Amino acid sequence: MKDIYYPSRDRRTTIHACIWQPEGEVKGVVQIIHGMAEYAARYAPFAEFLASNGYLVCADDHLGHGQSVKSEEDLGWFNEEKRTDIIVSDIHQLTVTVKKQVGEVPYFVLGHSMGSFFCRKFISQYGGEVNGAVIMGSGFKNKATLYTALAMVRLNAFFCGWRNRSNFIKNLAFGSYNKKFKPARTQNDWLSKNTENVNAYENDKLCGISFTNNGYYILFSIIKQACSSKTIDAVPKDLPVYFVAGADDPVGDYGKGVTKAKDKFVKAGVKDVSITLYEGGRHEILNDDCKQQVYADVLNFITSHTVKSSD
């Protein structure tokens with residue numbers, strides 16, 4: 001793994017990113033867009049698998065995550081202006097940087113969880129620059145729910161400030177996620193049925209960080225944008241899109257939200273949309289007991305569209 005750095009569009013922070021280079025010829029590129037309260041290097045096992053199959057893999061630490069902070073106080077904080085487009089711009093800057101390095105090869109994006117919503121926004125703006133998108137651990141929320149969530153964050157910030165880390169907002173966002181898995185061993189059982197993965201997450205100081213009100217405002221804002229008809233309608237109609245999620249993932253409403261998102265893409269006229277739900281899989285399917293099948297399915301999607309792209 002190679003570390004690279006570049007300036008964020010926030011004009012104050014340096015973005016850290018990881019690159020996994022395959023041996024020999026580069027068949028294509030997979031850019032990973034990580035989720036909430038984690039970071040790029042967590043994807044090393046999956047990235048190494050793709051690299052062993054000829055794909056260069058890259059991923060940035062978003063603002064407020066991993067090494068893309070000026071201090072620990074910035075973990076869970078995005079930017080002063082509370083703008084989602086700054087994060088999308090940082091993601092796209094990595095795309096531009098890597099494309100200059102590798103030249104004209106098929107290019108794919110994969111977004112997980114919060115990153116799946118950023119990925120959906122990304123392909124609405126830059127879908128013409130990529131050859132396919134994998135939307136992982138995603139879902140669909142209605143406007144009323146998201147407007148309410150944003151209003152609660154604004155209210156909490158009014159009284160406590162944008163850097164406040166509110167347990168009330170955290171419970172609003174995630175309080176129900178463990179209900180299906182009672183008796184729960186930890187607060188994060190919903191992430192994975194694999195206890196080793198849950199333990200590793202809980203023991204990683206850069207995982208499970210408490211979001212600030214600023215962080216939650218960006219989170220709910222990007223979900224709202226990603227689920228809007230305007231964003232979905234802007235996705236190129238010929239862009240292959242593959243939805244993957246655990247059938248027991250509460251983020252995707254146990255498959256229903258993922259299916260609804262997929263159906264919205266189909267209704268918008270996107271021609272090549274597919275979906276796989278993994279029975280027994282929870283939120284982090286790349287680290288869960290189903291991971292080998294997920295690895296194989298994602299590789300198959302990428303490989304099949306690499307061949308089509310080069311025809």
Side-chain angles (χ1 to χ4, degrees), residues 30-38 42-50 52-53 55 57 59 108-120 123 132-141 174 176-182 184-202 207 223 226-227 240-266 270 272-305:
V30 180
Q31 180 172 346
I32 295 172
I33 305 171
H34 74 72
M36 175 185 179
E38 57 160 357
R42 281 194 82 218
Y43 290 79
F46 178 59
E48 289 164 0
F49 165 78
L50 292 176
S52 71
N53 283 276
Y55 290 89
V57 181
F108 301 88
V109 286
L110 180 154
H112 168 68
S113 191
M114 178 185 76
S116 77
F117 297 103
F118 276 116
C119 187
R120 285 157 62 173
I123 60 175
V134 180
I135 311 297
M136 180 177 289
S138 202
F140 193 91
K141 300 295 181 185
F174 304 110
S176 64
Y177 281 8
N178 251 359
K179 283 185 177 178
K180 186 173 181 177
F181 311 112
K182 290 183 177 180
R185 186 178 62 90
T186 74
Q187 290 185 342
N188 294 303
D189 281 19
W190 61 275
L191 289 176
S192 174
K193 66 191 295 186
N194 184 296
T195 57
E196 289 184 6
N197 177 48
V198 174
N199 290 343
Y201 182 92
E202 294 220 319
C207 286
I223 295 172
C227 293
V241 179
Y242 184 29
F243 285 87
V244 290
D248 284 342
D249 181 3
V251 173
D253 197 16
Y254 309 102
K256 290 184 287 186
V258 189
T259 302
K260 186 170 184 178
K262 184 266 296 184
D263 290 344
K264 292 283 186 180
F265 272 64
V266 172
V270 183
D272 184 352
V273 187
S274 51
I275 185 171
T276 301
L277 298 174
Y278 297 89
E279 288 300 321
R282 298 185 190 178
H283 186 53
E284 288 199 338
I285 54 175
L286 285 178
N287 300 318
D288 216 336
D289 292 346
C290 59
K291 67 180 181 181
Q292 296 303 328
Q293 187 60 53
V294 180
Y295 279 29
D297 290 344
V298 172
L299 179 63
N300 181 62
F301 171 80
I302 292 166
T303 302
S304 64
H305 290 93

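Index from 1, following the sequence. Everything numeric here is computed off the predicted structure, so don't read it as measured data.
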Classify the side-chain pair T186/D189 by whether it contains a donor and acceptor separated by less than 3.5 Å. yes
By ring pair (Phe, Tyr, Trp, His ring centres under 6.0 Å) - contacts of [X] (at least two apart):
{"X": "Y177", "answer": "F174, W190"}
{"X": "Y55", "answer": "none"}
{"X": "Y295", "answer": "F46, F49"}

Which distance, rounded to the nearest 0.5 Å, do you find between the [atom1] of [X] and the [atom2] of [Y]?
{"X": "K260", "Y": "K141", "atom1": "NZ", "atom2": "NZ", "value": "10.5 Å"}
{"X": "I33", "Y": "I123", "atom1": "CD1", "atom2": "CD1", "value": "9.0 Å"}
{"X": "H34", "Y": "F118", "atom1": "NE2", "atom2": "CZ", "value": "9.5 Å"}
{"X": "N287", "Y": "E196", "atom1": "CG", "atom2": "CD", "value": "11.5 Å"}

Grab the two heavy atoms, one from [X] and one from [Y], that are nearest each other, plus how far apart they are.
{"X": "E38", "Y": "R42", "answer": "OE1-NH1, 2.7 Å"}
{"X": "F243", "Y": "A261", "answer": "CE2-CB, 3.9 Å"}
{"X": "Y201", "Y": "A37", "answer": "OH-O, 3.7 Å"}
{"X": "G139", "Y": "C227", "answer": "O-SG, 4.2 Å"}
{"X": "S192", "Y": "N197", "answer": "CB-ND2, 3.2 Å"}
{"X": "K262", "Y": "S274", "answer": "CG-O, 4.5 Å"}

Among all residues two or more places apart in sequence or in another chain, which pass the side-chain hydrogen bond (donor to acceptor under 3.5 Å, both in side chains) test with [X]?
{"X": "R120", "result": "S138"}
{"X": "N199", "result": "R185"}
{"X": "Q293", "result": "D297"}
{"X": "E202", "result": "N188"}

Pairs touching residues 242-259 that satisfy side-chain hydrogen bond (donor to acceptor under 3.5 Å, both in side chains), sequence neighbours left out: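 Qualifying pairs, neighbours excluded: K180-D248, Y242-T276, D249-H283.
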Can you pull the salt bridge (Lys or Arg N to Asp or Glu O under 4.0 Å) pairs that have at least one residue in residues 286-295, sequence neighbours excluded? none
Heavy-atom distance under 4.5 Å between the side chains of [X] and [Y], does that happen here?
{"X": "Y43", "Y": "L286", "answer": "yes"}
{"X": "L110", "Y": "C119", "answer": "no"}
{"X": "I32", "Y": "V57", "answer": "yes"}

How would you list, by chain and number, every residue that makes a side chain to side chain contact (heavy atoms under 4.5 Å, CB included) with A44, sequence neighbours excluded?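 Only W20, E48 meet the side chain to side chain contact (heavy atoms under 4.5 Å, CB included) criterion with A44.
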